[in-house]
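Have a look at the structure below before the remarks.
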Number of protein chains: 2
Amino acid sequence: MILHTAARLATVEGLDGLTIGRLAAETGMSKSGLFAHFGSKEELQLATIDTAEEIYEEDVLRPALQEEGRARLEALCERFLSHVDRKVFPGGCFFASAAAELDTRPGPVRDRIVAVYGEWTGLLEDSVRTAQERGELDRSVDPAQLTFELNAMLAEANGVYLLTGDPRAFDMARRGIAERVERAAA
Amino acid sequence: MILHTAARLATVEGLDGLTIGRLAAETGMSKSGLFAHFGSKEELQLATIDTAEEIYEEDVLRPALQEEGRARLEALCERFLSHVDRKVFPGGCFFASAAAELDTRPGPVRDRIVAVYGEWTGLLEDSVRTAQERGELDRSVDPAQLTFELNAMLAEANGVYLLTGDPRAFDMARRGIAERVERAAA
DNA sequence: CCTACCGATCGGTAGG
DNA sequence: CCTACCGATCGGTAGG
(Lines give C-alpha, C1' and ligand atoms only; values in the text may rest on other atoms or scores of the structure.)
Protein backbone atom coordinates (compact mmCIF):
# COMPACT_ATOMS: atom_id res chain seq x y z
CA MET A 1 0.00 0.00 0.00
CA ILE A 2 2.83 2.38 0.92
CA LEU A 3 4.66 1.61 -2.32
CA HIS A 4 1.57 1.94 -4.50
CA THR A 5 1.03 5.38 -3.00
CA ALA A 6 4.71 6.16 -3.55
CA ALA A 7 4.58 5.12 -7.21
CA ARG A 8 1.56 7.32 -7.89
CA LEU A 9 3.10 10.24 -6.00
CA ALA A 10 6.41 9.88 -7.87
CA THR A 11 4.75 10.46 -11.27
CA VAL A 12 3.38 13.77 -9.98
CA GLU A 13 6.15 15.08 -7.73
CA GLY A 14 9.06 13.22 -9.30
CA LEU A 15 11.15 10.48 -7.73
CA ASP A 16 13.15 13.18 -5.95
CA GLY A 17 10.08 15.18 -4.94
CA LEU A 18 8.79 11.95 -3.41
CA THR A 19 9.88 13.01 0.07
CA ILE A 20 9.51 10.84 3.14
CA GLY A 21 7.52 13.55 4.89
CA ARG A 22 5.08 13.87 2.01
CA LEU A 23 4.64 10.12 1.72
CA ALA A 24 4.04 10.00 5.49
CA ALA A 25 1.26 12.57 5.20
CA GLU A 26 -0.26 10.70 2.24
CA THR A 27 -0.26 7.32 4.01
CA GLY A 28 -1.13 8.61 7.49
CA MET A 29 2.06 7.23 9.00
CA SER A 30 4.87 8.99 10.83
CA LYS A 31 8.07 9.86 8.98
CA SER A 32 10.21 7.58 11.11
CA GLY A 33 7.67 4.77 10.87
CA LEU A 34 8.00 4.90 7.08
CA PHE A 35 11.72 5.33 7.23
CA ALA A 36 12.14 2.11 9.22
CA HIS A 37 10.78 0.18 6.22
CA PHE A 38 13.38 1.40 3.75
CA GLY A 39 16.46 2.69 5.60
CA SER A 40 17.18 5.47 3.14
CA LYS A 41 15.48 7.61 0.52
CA GLU A 42 17.39 5.81 -2.22
CA GLU A 43 16.08 2.42 -1.06
CA LEU A 44 12.58 3.87 -1.04
CA GLN A 45 13.08 5.06 -4.62
CA LEU A 46 14.36 1.65 -5.75
CA ALA A 47 11.46 -0.15 -4.05
CA THR A 48 9.06 2.30 -5.68
CA ILE A 49 10.53 1.52 -9.12
CA ASP A 50 10.07 -2.23 -8.43
CA THR A 51 6.43 -1.61 -7.60
CA ALA A 52 5.87 0.54 -10.68
CA GLU A 53 7.42 -2.23 -12.79
CA GLU A 54 5.02 -4.81 -11.30
CA ILE A 55 2.05 -2.59 -12.07
CA TYR A 56 3.34 -2.03 -15.61
CA GLU A 57 3.87 -5.75 -16.18
CA GLU A 58 0.37 -6.55 -15.03
CA ASP A 59 -1.31 -3.75 -16.95
CA VAL A 60 0.68 -3.56 -20.20
CA LEU A 61 2.93 -6.58 -20.70
CA ARG A 62 0.81 -9.48 -19.50
CA PRO A 63 -2.15 -8.85 -21.82
CA ALA A 64 0.10 -8.12 -24.81
CA LEU A 65 2.32 -11.18 -24.28
CA GLN A 66 -0.68 -13.40 -24.98
CA GLU A 67 -0.22 -12.40 -28.63
CA GLU A 68 2.76 -13.27 -30.81
CA GLY A 69 4.76 -11.65 -33.60
CA ARG A 70 3.20 -8.63 -35.28
CA ALA A 71 0.06 -8.91 -33.14
CA ARG A 72 2.22 -8.77 -30.00
CA LEU A 73 4.04 -5.69 -31.29
CA GLU A 74 0.75 -3.96 -31.98
CA ALA A 75 -0.74 -5.07 -28.65
CA LEU A 76 2.26 -3.72 -26.72
CA CYS A 77 1.77 -0.33 -28.38
CA GLU A 78 -1.98 -0.33 -27.84
CA ARG A 79 -1.72 -1.41 -24.20
CA PHE A 80 0.82 1.34 -23.56
CA LEU A 81 -1.48 4.01 -24.98
CA SER A 82 -4.41 2.59 -23.03
CA HIS A 83 -2.29 2.52 -19.87
CA VAL A 84 -1.59 6.25 -20.19
CA ASP A 85 -5.15 7.07 -21.25
CA ARG A 86 -6.63 5.23 -18.23
CA LYS A 87 -4.29 7.20 -15.92
CA VAL A 88 -3.05 4.16 -14.03
CA PHE A 89 -0.44 6.64 -12.79
CA PRO A 90 -1.67 10.23 -12.53
CA GLY A 91 1.53 11.49 -14.18
CA GLY A 92 1.33 9.14 -17.17
CA CYS A 93 4.04 6.59 -17.88
CA PHE A 94 6.05 6.12 -14.68
CA PHE A 95 9.24 5.29 -16.54
CA ALA A 96 9.04 8.15 -19.03
CA SER A 97 8.65 10.49 -16.07
CA ALA A 98 11.52 8.90 -14.15
CA ALA A 99 13.80 8.76 -17.22
CA ALA A 100 13.39 12.48 -17.93
CA GLU A 101 14.05 13.34 -14.30
CA LEU A 102 17.06 11.11 -13.74
CA ASP A 103 18.82 11.27 -17.11
CA THR A 104 21.35 13.75 -15.73
CA ARG A 105 21.72 12.24 -12.24
CA PRO A 106 24.13 9.28 -12.13
CA GLY A 107 23.61 6.58 -9.53
CA PRO A 108 21.84 3.30 -8.84
CA VAL A 109 18.35 4.77 -9.26
CA ARG A 110 19.15 6.03 -12.74
CA ASP A 111 20.85 2.71 -13.60
CA ARG A 112 17.66 0.90 -12.68
CA ILE A 113 15.61 3.12 -15.01
CA VAL A 114 18.07 2.55 -17.85
CA ALA A 115 17.72 -1.22 -17.31
CA VAL A 116 13.91 -1.06 -17.47
CA TYR A 117 14.15 0.98 -20.67
CA GLY A 118 16.42 -1.70 -22.15
CA GLU A 119 13.99 -4.46 -21.22
CA TRP A 120 11.09 -2.62 -22.84
CA THR A 121 12.87 -1.87 -26.12
CA GLY A 122 14.26 -5.43 -26.10
CA LEU A 123 10.72 -6.74 -25.91
CA LEU A 124 9.63 -4.58 -28.85
CA GLU A 125 12.67 -5.67 -30.90
CA ASP A 126 12.07 -9.35 -30.15
CA SER A 127 8.48 -8.97 -31.31
CA VAL A 128 9.69 -7.44 -34.57
CA ARG A 129 12.15 -10.31 -35.10
CA THR A 130 9.52 -12.95 -34.43
CA ALA A 131 7.14 -11.17 -36.79
CA GLN A 132 9.85 -11.31 -39.45
CA GLU A 133 10.39 -15.03 -38.90
CA ARG A 134 6.65 -15.57 -39.23
CA GLY A 135 6.62 -13.61 -42.48
CA GLU A 136 4.44 -10.85 -40.98
CA LEU A 137 7.06 -8.13 -41.39
CA ASP A 138 9.60 -7.70 -44.14
CA ARG A 139 13.06 -9.16 -43.49
CA SER A 140 14.74 -5.97 -44.67
CA VAL A 141 13.35 -4.08 -41.65
CA ASP A 142 15.91 -3.13 -38.96
CA PRO A 143 14.29 -4.17 -35.64
CA ALA A 144 16.13 -1.47 -33.64
CA GLN A 145 15.10 1.21 -36.11
CA LEU A 146 11.44 0.21 -36.16
CA THR A 147 11.44 -0.05 -32.35
CA PHE A 148 12.92 3.44 -32.09
CA GLU A 149 10.21 4.91 -34.30
CA LEU A 150 7.30 3.14 -32.61
CA ASN A 151 8.59 3.92 -29.13
CA ALA A 152 9.07 7.56 -30.17
CA MET A 153 5.39 7.86 -31.05
CA LEU A 154 4.34 6.15 -27.80
CA ALA A 155 6.49 8.46 -25.70
CA GLU A 156 5.32 11.51 -27.64
CA ALA A 157 1.66 10.58 -27.12
CA ASN A 158 2.35 10.29 -23.39
CA GLY A 159 4.20 13.62 -23.30
CA VAL A 160 1.78 15.61 -25.43
CA TYR A 161 -1.25 14.27 -23.60
CA LEU A 162 0.21 15.17 -20.21
CA LEU A 163 1.25 18.61 -21.38
CA THR A 164 -1.84 19.63 -23.36
CA GLY A 165 -4.52 17.24 -22.07
CA ASP A 166 -5.54 16.68 -25.70
CA PRO A 167 -6.55 13.03 -26.28
CA ARG A 168 -5.95 13.45 -30.04
CA ALA A 169 -2.34 12.72 -29.14
CA PHE A 170 -3.39 9.07 -28.78
CA ASP A 171 -5.14 9.12 -32.16
CA MET A 172 -2.08 10.53 -33.87
CA ALA A 173 0.14 7.92 -32.25
CA ARG A 174 -2.26 5.12 -33.27
CA ARG A 175 -2.40 6.33 -36.85
CA GLY A 176 1.36 6.85 -37.10
CA ILE A 177 2.07 3.44 -35.59
CA ALA A 178 -0.47 1.62 -37.78
CA GLU A 179 0.95 3.21 -40.93
CA ARG A 180 4.54 2.54 -39.90
CA VAL A 181 3.89 -1.12 -39.11
CA GLU A 182 1.93 -1.53 -42.35
CA ARG A 183 4.85 -0.07 -44.28
CA ALA A 184 7.18 -2.57 -42.54
CA ALA A 185 4.88 -5.39 -43.67
CA ALA A 186 4.91 -4.45 -47.36
CA MET B 1 25.21 35.81 -17.18
CA ILE B 2 23.05 34.82 -14.19
CA LEU B 3 20.24 33.64 -16.46
CA HIS B 4 22.55 31.71 -18.79
CA THR B 5 23.89 29.87 -15.74
CA ALA B 6 20.32 29.33 -14.53
CA ALA B 7 19.22 27.88 -17.88
CA ARG B 8 22.10 25.41 -17.96
CA LEU B 9 21.53 24.46 -14.30
CA ALA B 10 17.80 23.95 -14.88
CA THR B 11 18.39 21.22 -17.50
CA VAL B 12 20.44 19.28 -14.94
CA GLU B 13 18.64 19.94 -11.65
CA GLY B 14 15.22 20.73 -13.06
CA LEU B 15 13.41 24.08 -12.96
CA ASP B 16 12.35 23.28 -9.41
CA GLY B 17 15.79 22.01 -8.38
CA LEU B 18 17.12 25.33 -9.64
CA THR B 19 17.27 26.77 -6.11
CA ILE B 20 18.33 30.30 -5.35
CA GLY B 21 21.04 29.04 -3.01
CA ARG B 22 22.52 26.76 -5.66
CA LEU B 23 22.43 29.47 -8.30
CA ALA B 24 24.11 31.82 -5.81
CA ALA B 25 26.94 29.32 -5.28
CA GLU B 26 27.29 28.80 -9.05
CA THR B 27 27.46 32.53 -9.82
CA GLY B 28 29.48 33.57 -6.78
CA MET B 29 26.77 35.93 -5.58
CA SER B 30 24.87 35.99 -2.29
CA LYS B 31 21.36 34.53 -2.13
CA SER B 32 19.73 37.84 -1.34
CA GLY B 33 21.77 39.61 -4.01
CA LEU B 34 20.33 37.21 -6.57
CA PHE B 35 16.89 37.36 -5.07
CA ALA B 36 16.74 41.13 -5.47
CA HIS B 37 16.91 40.66 -9.26
CA PHE B 38 13.81 38.47 -9.50
CA GLY B 39 11.61 38.93 -6.44
CA SER B 40 10.47 35.31 -6.31
CA LYS B 41 11.52 31.87 -7.41
CA GLU B 42 8.69 31.79 -9.93
CA GLU B 43 9.91 35.01 -11.56
CA LEU B 44 13.38 33.50 -11.72
CA GLN B 45 11.95 30.44 -13.44
CA LEU B 46 10.03 32.53 -15.97
CA ALA B 47 13.09 34.68 -16.72
CA THR B 48 15.13 31.50 -17.14
CA ILE B 49 12.62 30.15 -19.68
CA ASP B 50 12.85 33.44 -21.61
CA THR B 51 16.61 33.09 -21.74
CA ALA B 52 16.44 29.45 -22.84
CA GLU B 53 14.06 30.48 -25.61
CA GLU B 54 16.48 33.16 -26.82
CA ILE B 55 19.31 30.62 -26.92
CA TYR B 56 17.08 28.14 -28.77
CA GLU B 57 16.00 30.76 -31.31
CA GLU B 58 19.58 31.71 -32.03
CA ASP B 59 20.89 28.15 -32.21
CA VAL B 60 18.04 26.23 -33.85
CA LEU B 61 15.44 28.52 -35.40
CA ARG B 62 17.51 31.29 -36.95
CA PRO B 63 19.68 29.04 -39.15
CA ALA B 64 16.72 26.88 -40.20
CA LEU B 65 14.46 29.83 -41.03
CA GLN B 66 16.84 30.79 -43.82
CA GLU B 67 15.40 27.82 -45.71
CA GLU B 68 11.83 27.48 -46.94
CA GLY B 69 9.28 24.71 -47.36
CA ARG B 70 10.56 21.15 -47.18
CA ALA B 71 14.15 22.35 -46.77
CA ARG B 72 13.07 24.40 -43.74
CA LEU B 73 11.28 21.41 -42.22
CA GLU B 74 14.38 19.27 -42.63
CA ALA B 75 16.68 22.03 -41.37
CA LEU B 76 14.56 22.50 -38.22
CA CYS B 77 14.88 18.78 -37.48
CA GLU B 78 18.60 18.71 -38.22
CA ARG B 79 19.33 21.82 -36.16
CA PHE B 80 17.42 20.35 -33.23
CA LEU B 81 19.46 17.13 -33.32
CA SER B 82 22.66 19.13 -33.67
CA HIS B 83 21.60 21.36 -30.77
CA VAL B 84 21.24 18.34 -28.49
CA ASP B 85 24.40 16.66 -29.83
CA ARG B 86 26.51 19.79 -29.22
CA LYS B 87 25.21 19.92 -25.62
CA VAL B 88 24.27 23.59 -25.75
CA PHE B 89 22.45 22.70 -22.53
CA PRO B 90 24.08 19.92 -20.50
CA GLY B 91 20.68 18.28 -19.96
CA GLY B 92 19.70 18.26 -23.64
CA CYS B 93 16.65 20.10 -24.90
CA PHE B 94 15.66 22.65 -22.25
CA PHE B 95 11.99 22.50 -23.17
CA ALA B 96 11.74 18.71 -23.27
CA SER B 97 13.25 18.66 -19.79
CA ALA B 98 10.93 21.39 -18.51
CA ALA B 99 7.84 19.86 -20.13
CA ALA B 100 8.42 16.48 -18.49
CA GLU B 101 8.98 18.12 -15.11
CA LEU B 102 6.06 20.52 -15.19
CA ASP B 103 3.39 18.50 -17.00
CA THR B 104 1.68 17.69 -13.70
CA ARG B 105 2.23 21.08 -11.99
CA PRO B 106 -0.33 23.70 -12.99
CA GLY B 107 0.65 27.36 -12.92
CA PRO B 108 2.19 30.16 -14.97
CA VAL B 109 5.51 28.37 -15.42
CA ARG B 110 3.84 25.33 -16.93
CA ASP B 111 1.62 27.58 -19.09
CA ARG B 112 4.73 29.21 -20.49
CA ILE B 113 6.19 25.81 -21.44
CA VAL B 114 2.93 24.78 -23.13
CA ALA B 115 3.03 28.02 -25.15
CA VAL B 116 6.61 27.38 -26.32
CA TYR B 117 5.63 23.84 -27.33
CA GLY B 118 2.74 25.26 -29.37
CA GLU B 119 5.04 27.73 -31.13
CA TRP B 120 7.49 24.98 -32.05
CA THR B 121 4.90 22.57 -33.44
CA GLY B 122 3.20 25.49 -35.20
CA LEU B 123 6.48 26.27 -36.94
CA LEU B 124 6.84 22.66 -38.09
CA GLU B 125 3.23 22.57 -39.31
CA ASP B 126 3.63 25.82 -41.23
CA SER B 127 6.73 24.43 -42.92
CA VAL B 128 4.76 21.37 -43.98
CA ARG B 129 1.97 23.53 -45.40
CA THR B 130 4.37 25.73 -47.32
CA ALA B 131 6.10 22.62 -48.67
CA GLN B 132 2.71 21.38 -49.87
CA GLU B 133 1.97 24.71 -51.58
CA ARG B 134 5.36 24.50 -53.30
CA GLY B 135 4.62 20.97 -54.47
CA GLU B 136 7.43 19.49 -52.33
CA LEU B 137 5.13 17.42 -50.16
CA ASP B 138 1.92 15.65 -51.13
CA ARG B 139 -1.30 17.55 -50.52
CA SER B 140 -2.91 14.52 -48.91
CA VAL B 141 -0.48 14.78 -45.95
CA ASP B 142 -1.99 15.96 -42.65
CA PRO B 143 0.43 18.65 -41.37
CA ALA B 144 -0.41 17.99 -37.69
CA GLN B 145 0.09 14.23 -38.15
CA LEU B 146 3.44 14.61 -39.91
CA THR B 147 4.56 17.15 -37.30
CA PHE B 148 3.60 14.76 -34.51
CA GLU B 149 5.67 11.96 -36.02
CA LEU B 150 8.74 14.06 -36.76
CA ASN B 151 8.65 15.73 -33.36
CA ALA B 152 8.28 12.31 -31.73
CA MET B 153 11.53 11.15 -33.29
CA LEU B 154 13.32 14.36 -32.32
CA ALA B 155 12.16 14.09 -28.71
CA GLU B 156 13.02 10.39 -28.58
CA ALA B 157 16.54 11.04 -29.88
CA ASN B 158 16.98 13.64 -27.13
CA GLY B 159 15.61 11.30 -24.46
CA VAL B 160 17.48 8.16 -25.52
CA TYR B 161 20.77 10.02 -25.94
CA LEU B 162 20.50 11.56 -22.47
CA LEU B 163 19.53 8.25 -20.88
CA THR B 164 21.97 5.92 -22.63
CA GLY B 165 24.66 8.27 -23.97
CA ASP B 166 24.44 6.37 -27.25
CA PRO B 167 24.83 8.75 -30.24
CA ARG B 168 23.19 6.17 -32.53
CA ALA B 169 19.95 7.69 -31.24
CA PHE B 170 20.67 10.65 -33.55
CA ASP B 171 21.31 8.33 -36.50
CA MET B 172 18.03 6.51 -35.94
CA ALA B 173 16.15 9.80 -35.72
CA ARG B 174 17.83 11.08 -38.90
CA ARG B 175 17.01 7.91 -40.80
CA GLY B 176 13.43 7.76 -39.54
CA ILE B 177 12.84 11.43 -40.32
CA ALA B 178 14.39 11.21 -43.79
CA GLU B 179 12.26 8.19 -44.69
CA ARG B 180 9.11 9.74 -43.26
CA VAL B 181 9.56 13.01 -45.14
CA GLU B 182 10.40 11.13 -48.34
CA ARG B 183 7.21 9.11 -47.96
CA ALA B 184 5.26 12.38 -47.54
CA ALA B 185 6.79 13.63 -50.78
CA ALA B 186 5.74 10.63 -52.87
C1' DC C 1 5.36 1.57 14.79
C1' DC C 2 5.90 6.31 17.69
C1' DT C 3 7.73 11.25 19.66
C1' DA C 4 11.33 14.20 19.73
C1' DC C 5 15.11 15.78 17.91
C1' DC C 6 19.66 16.80 14.68
C1' DG C 7 22.14 19.87 11.04
C1' DA C 8 21.35 21.40 6.37
C1' DT C 9 18.83 23.76 3.06
C1' DC C 10 14.71 25.83 1.29
C1' DG C 11 12.16 30.54 -0.22
C1' DG C 12 11.95 34.77 1.52
C1' DT C 13 12.68 39.19 4.64
C1' DA C 14 14.90 43.07 7.48
C1' DG C 15 17.98 46.38 7.38
C1' DG C 16 21.70 48.52 5.54
C1' DC D 1 24.83 44.25 -3.81
C1' DC D 2 25.71 42.39 1.36
C1' DT D 3 25.09 39.96 6.37
C1' DA D 4 22.03 38.08 9.35
C1' DC D 5 18.07 36.15 10.13
C1' DC D 6 12.90 33.84 9.81
C1' DG D 7 9.79 29.48 9.79
C1' DA D 8 9.27 25.34 7.11
C1' DT D 9 10.92 21.18 5.38
C1' DC D 10 14.49 18.05 4.11
C1' DG D 11 16.93 13.15 5.13
C1' DG D 12 18.13 10.86 8.92
C1' DT D 13 18.88 9.42 14.12
C1' DA D 14 18.05 8.39 19.25
C1' DG D 15 15.48 6.07 22.15
C1' DG D 16 11.65 3.67 23.21
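Any value given below was found using the heavy atoms of this structure, including those in side chains, with hydrogens, waters and symmetry copies removed. In the text below, chain A, chain B and the rest are named by the order of the sequence lines, each starting its count at 1.
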What are the two closest heavy atoms between B:E67 and B:R72, and how far apart are they?
->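 What the structure gives for the nearest pair is O-NE, 2.8 Å.
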Side chain to side chain, B:E68 and B:R134, heavy atoms closer than 4.5 Å |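 Side chain of B:E68 against side chain of B:R134, heavy atoms only: contact under 4.5 Å found.
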Could you state the [atom1]-[atom2] distance from [X] to [N], rounded to the nearest angstrom?
X: B:K31; N: C:dG15; atom1: NZ; atom2: P; value: 18 Å
X: B:E42; N: C:dG11; atom1: CD; atom2: C1'; value: 13 Å
X: A:Q45; N: D:dG11; atom1: CD; atom2: C1'; value: 11 Å
X: A:E13; N: D:dC10; atom1: CD; atom2: P; value: 10 Å
X: B:L23; N: C:dG12; atom1: CG; atom2: C1'; value: 15 Å
X: A:L34; N: D:dC10; atom1: CG; atom2: C1'; value: 14 Å
X: B:L44; N: C:dC10; atom1: CG; atom2: C1'; value: 14 Å
X: A:F35; N: C:dC6; atom1: CZ; atom2: C1'; value: 13 Å

Which of these nucleotides, [options], is closest to any side-chain atom of [X]?
X: B:K41; options: D:dG11, C:dG11, C:dT3; result: C:dG11
X: B:S32; options: D:dC2, C:dG11, C:dA4; result: D:dC2
X: B:M29; options: C:dG12, D:dT13, D:dC2; result: D:dC2
X: B:S30; options: D:dC2, C:dC2, D:dG11; result: D:dC2

Go ahead and name the base partner of D:dG16; Watson-Crick or wobble counts if both distances stay under 3.5 Å, otherwise write none.
->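 When the pairing criteria are applied, C:dC1 turns out to be the nucleotide that pairs with D:dG16.
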Pairing nucleotide - D:dC6, Watson-Crick or G-U, each distance under 3.5 Å =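 Across any shown strand, D:dC6 pairs with C:dG11.
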Under-3.5 Å donor-acceptor pair between A:T19 side chain and D:dT9 base =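 By the distance-only test, no, there is no pair.
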Among B:E133, B:Q132, B:E125, the one residue meeting side-chain hydrogen bond (donor to acceptor under 3.5 Å, both in side chains) with B:R129 |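 Checked B:E133, B:Q132, B:E125 against B:R129; only one passes side-chain hydrogen bond (donor to acceptor under 3.5 Å, both in side chains): B:E125.
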More than 12 heavy atoms of other residues, nucleotides or ligands under 6.0 Å from CZ of B:R168: is that the case?
->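 12 or below, so no.
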Does a salt bridge link B:E74 with B:R70, judged by any charged N lying under 4.0 Å from a carboxylate O?
->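 B:R70 and B:E74: salt-bridged.
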